[in-house]
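Read through the structure below, which is laid out as structure tokens, and then see the notes.
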Amino acid sequence: KNLHITTAQLTIEGQSFWNELEKIIPKSALWGIKQTLYPLKLIPTYLDASNVVKGRTDVDITIKLGSPKVKGSTIKKQLNKLENVSLTIVVQYGKKGRWYGELFRLKTSTQEIVFKSDVGVDLLTDTQ
């Protein structure tokens with residue numbers, strides 16, 4: 001049965017990640033990003049809400065590094081400047097701004113994101 005979600009967002013947990021970002025992005029720019037683009041709204045651009053079904057164990061979400069204004073290679077270059085820090089990507093779901101729960105939590109690191117992007121595999125693929 002469909003969960004009838006209308007909202008999903010991606011957040012990043014890990015203060016060390018945000019502290020490292022401040023080393024490569026001016027504080028005012030980072031503040032602007034957090035005010036306008038963060039948390040990242042996933043529906044409808046990255047996630048089709050009709051595919052989120054109770055009992056289903058897979059959901060496709062594709063978020064590429066980059067945007068029309070910033071190339072993925074530029075983002076990877078900046079991420080490579082960071083210390084390798086751990087972070088947790090969290091995707092929450094809900095309806096009309098009310099959060100019901102989490103679709104998933106993914107523990108990763110900045111270097112894992114860059115590496116897997118370079119080799120063309122998703123973050124959930126085990127490359128060891």
Side-chain angles (χ1 to χ4, degrees):
K1 184 178 176 180
N2 195 304
L3 294 176
H4 302 291
I5 68 169
T6 60
T7 307
Q9 71 179 14
L10 180 144
T11 59
I12 299 173
E13 295 178 352
Q15 190 56 47
S16 57
F17 171 74
W18 296 106
N19 292 344
E20 282 296 311
L21 274 186
E22 287 181 0
K23 294 178 182 178
I24 61 170
I25 300 174
K27 274 190 174 185
S28 59
L30 190 55
W31 183 87
I33 289 168
K34 285 184 172 182
Q35 297 303 308
T36 59
L37 301 173
Y38 185 80
L40 181 63
K41 308 296 184 250
L42 298 176
I43 295 174
T45 306
Y46 305 104
L47 174 63
D48 180 353
S50 67
N51 288 335
V52 180
V53 179
K54 187 174 183 177
R56 188 171 170 182
T57 59
D58 65 323
V59 177
D60 291 326
I61 300 174
T62 301
I63 302 171
K64 298 186 183 282
L65 291 178
S67 71
K69 294 182 180 182
V70 182
K71 293 180 182 178
S73 59
T74 301
I75 293 174
K76 284 193 273 187
K77 184 177 173 183
Q78 294 302 315
L79 285 174
N80 273 323
K81 291 180 182 178
L82 299 177
E83 293 292 321
N84 186 27
V85 294
S86 296
L87 58 115
T88 302
I89 297 171
V90 181
V91 174
Q92 297 173 298
Y93 68 93
K95 188 174 181 182
K96 296 182 181 177
R98 184 174 180 176
W99 303 113
Y100 296 147
E102 297 175 354
L103 287 177
F104 67 86
R105 291 182 152 261
L106 174 65
K107 291 184 180 188
T108 187
S109 69
T110 52
Q111 293 307 304
E112 183 176 24
I113 291 169
V114 170
F115 171 75
K116 288 189 173 182
S117 176
D118 283 344
V119 297
V121 297
D122 66 45
L123 280 174
L124 297 176
T125 301
D126 186 7
T127 55
Q128 298 187 18

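Heavy-atom basis, side chains included; hydrogens, waters and symmetry copies ignored.
- Side-chain contact between Tyr93 and Thr7 is absent, with no heavy-atom pair separated by less than 4.5 Å.
- Counting only heavy atoms from C-beta outward, the side chains of Thr11 and Tyr38 approach each other to under 4.5 Å.
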Result block: side-chain N/O donor-acceptor pairs under 3.5 angstrom for residues 26-36, not counting sequence neighbours:
residue, atom, partner, partner atom, Å
Thr36, OG1, Gly32, O, 2.8

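- Ser86 OG to Phe17 CZ: the interatomic distance, rounded to the nearest 0.5 Å, is 11.5 Å.
- The two residues Lys107 and Thr88 have their closest heavy-atom pair at CG-OG1, 3.7 Å.
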>> Between Glu102 and Gln92, does the side-chain hydrogen bond (donor to acceptor under 3.5 Å, both in side chains) criterion hold? Intermediate values first, please.
In response: CA-CA 4 Å; Glu102 297 175 354; Gln92 297 173 298; 5.2 Å; no

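- Applying the salt bridge (Lys or Arg N to Asp or Glu O under 4.0 Å) test to Glu22 and every residue at least two apart in sequence or in another chain returns nothing.
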>> For a side-chain contact (heavy atoms from CB on, under 4.5 Å) check, start with the C-alpha distance between Thr6 and Ile43, then their side-chain angles and the critical distance, and finish with the verdict.
In response: CA-CA 7 Å; Thr6 60; Ile43 295 174; 6.0 Å; no

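- Residues forming a side-chain hydrogen bond (donor to acceptor under 3.5 Å, both in side chains) with Ser16 (at least two apart in sequence, or on another chain): none.
- Within the 4.5 Å cutoff, the side chain of Ile12 has heavy atoms near those of the Trp18 side chain.
- Contacts of Trp99 classified as ring-ring contact (aromatic ring centres under 6.0 Å, His included), with partners at least two apart in sequence or in another chain: none.
- Glu83 CD: 12 or fewer foreign heavy atoms inside a 6.0 Å radius.
- By the salt bridge (Lys or Arg N to Asp or Glu O under 4.0 Å) test, Lys23 is found to be paired with Glu20, residues two or more places apart in sequence or in another chain being considered.
- Separation of atoms CG (Leu79) and OG1 (Thr110) is listed at 6.5 Å; rounding is to 0.5 Å.
- Looking only at side-chain heavy atoms (C-beta outward), Asn80 and Gln111 come within less than 4.5 Å of each other.
- The stretch residues 39-49 participates, sequence neighbours left out, in these side-chain hydrogen bond (donor to acceptor under 3.5 Å, both in side chains) pairs: Asp48-Ser50.
- Contact annotation: the side chain of Ile113 approaches that of Leu87 to within less than 4.5 Å [non-hydrogen atoms, C-beta and beyond].
- Lys81 approaches Ile24 most closely through the heavy-atom pair CB-CG2, 4.0 Å.
- Side-chain contact between Lys95 and Arg98 is absent, with no heavy atoms from C-beta onward closer than 4.5 Å.
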> Does the side-chain contact (heavy atoms from CB on, under 4.5 Å) test come out yes or no for Glu13 and Val90, once each step is laid out?
Replying inline: CA-CA 7 Å; Glu13 295 178 352; Val90 181; 3.7 Å; yes

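- Using a 4.5 Å heavy-atom threshold, the side chains of Ile89 and Leu10 count as touching.
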